[in-house]
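Following: one structure in structure tokens, then a few remarks.
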Amino acid sequence: MKARLAFSVNDLAETRFAVSPMWEVVTSVRALAAAVVPRPHRGWADQVRSRLAAAGLDRGWLADMIPPAGHLPDFLNPAPATPSPGLPDELAAIAATDPEQVRRDLDHLAAERGGALSPRLRGLHRAPRTYLPRIVAEIETYWELAIAPYWARIRSVLEADLFHRGRQVAEQGTAQALDELHHTVRWTAGSLHLVQRHCAITRIDTGAGLLLVPSVFAWPRVLTRSAGSEPPQLAYPARGIGTLWERRAHAHTDALAAVIGRSRALILAELDTPASTTELAQRSGLSAAGVSQHLTALRAAGLTSAHRAGRSVLYARTGLADALLTAQT
């Protein structure tokens, strides 16, 4: 299926990039729903699936609304109001969605499913304002279990992509940047052409400009969102996805250990993937009590973050900790 989006000078002037937490939520749920999880994300999927199942999210609202292929409900991806909105900002926009927008999205899902919706989605169709708060609450839980422990790493990839695209626009112009987003996207004679099975946007039924959103979980596809008078959104695979989940070698931590102590440097090195206190004790050979004390100090220094996962707490390195470790290799 092909789509064509014509551009005026004003549209080009209003084209912008943004990072969206909700695009990562929606595309990661889709990745988990696939018969085969895309190769770059299989390690991540192995880590989060048991947490999501324990919380019942493998059979929740998101699992019901987001299919492995086909239409994605537009109300789950409100247009980012700033270049880097926080998840609470986007959840507030979802909670305030016009009920008719929700119903249009569900009607589209029903059409793709032979006219049938699950009992849960039929309830949402009847009373969107009643059920939207429940969806928002589930998204918060999903974020805490599946995205938040990895967000520092994900965000660094997204921001690196934005830096590259911004420099490209400055040096080569917007048209060239559009032409190099993805092999299914081509800029020709004042129009953006998309060769993608599920693309269905035209300038006739969208607002001005274009929102370009890098995403790690959209890979390998480009996804679009078109809703009324809002500018269309195009979520494209961010550069650097291939190295996103690679374990990073931090064999030489002597310099950092001299500053924060060998045990704390070891714990940071072991947090290449988020882990609980018990898991870190097993990996490092330190006592659980000792690990807990070190994590408290590291968190106070902004080097780790904590994320509730059911009855456990997962700890993750922050971007600052990654930078300190990387500087030594």
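What you see is a predicted model, and the numbers here were worked out from it, not measured in a lab.
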Within a radius of less than 6.0 Å around [atom1] of [X], do more than 12 heavy atoms belonging to other residues, nucleotides or ligands occur?
X	atom1	result
R262	CZ	no
R113	CZ	yes
R239	CZ	no

Is any side-chain heavy atom of [X] less than 4.5 Å from a side-chain heavy atom of [Y]?
X	Y	answer
H125	D107	yes
P80	V19	no
L211	P232	no
S20	E90	yes
E140	L91	yes
S305	H307	yes
L298	Y315	no
V26	I66	yes

Between [X] and [Y], does any side-chain N to carboxylate O distance fall below 4.0 Å?
X	Y	answer
D272	R153	yes
D161	R165	yes
R104	D74	no

Residues [X] and [Y]: side-chain donor-acceptor under 3.5 angstrom:
X	Y	result
E180	Q168	yes
T273	Q47	no
H294	T296	no

Could you tell me whether a side-chain N or O of [X] sits under 3.5 Å from a main-chain N or O of [Y], the two making a donor and an acceptor?
X	Y	answer
R225	N77	yes
E24	V216	yes
R42	V37	yes
R103	R126	yes

Under the criterion ring-ring contact (aromatic ring centres under 6.0 Å, His included), which of W44, W23, Y236, Y150 is the partner of F217?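 In the set W44, W23, Y236, Y150, the residue that makes a ring-ring contact (aromatic ring centres under 6.0 Å, His included) with F217 is W44.
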
Return the minimal non-hydrogen interatomic distance between P99 and P128, and the atom names on each side.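 Heavy atoms only, the tightest pair is CB-CG, 3.8 Å.
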
Heavy-atom nearest pair, S215 first then A218, reads OG-N, 3.1 Å

For L124, which of V102, D64, L117, D105 qualifies under side chain to side chain contact (heavy atoms under 4.5 Å, CB included)?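 With L124 as partner, V102, D64, L117, D105 yield a single side chain to side chain contact (heavy atoms under 4.5 Å, CB included), made by V102.
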
Can you tell me how the ring of Y131 sits relative to the ring of W61, calling it parallel under 30°, perpendicular over 60° and tilted otherwise?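 Geometry flag for W61 against Y131: tilted rings.
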
Atom CG in L181, atom CD in Q176: separation rounded to 0.5 Å? 10.5 Å

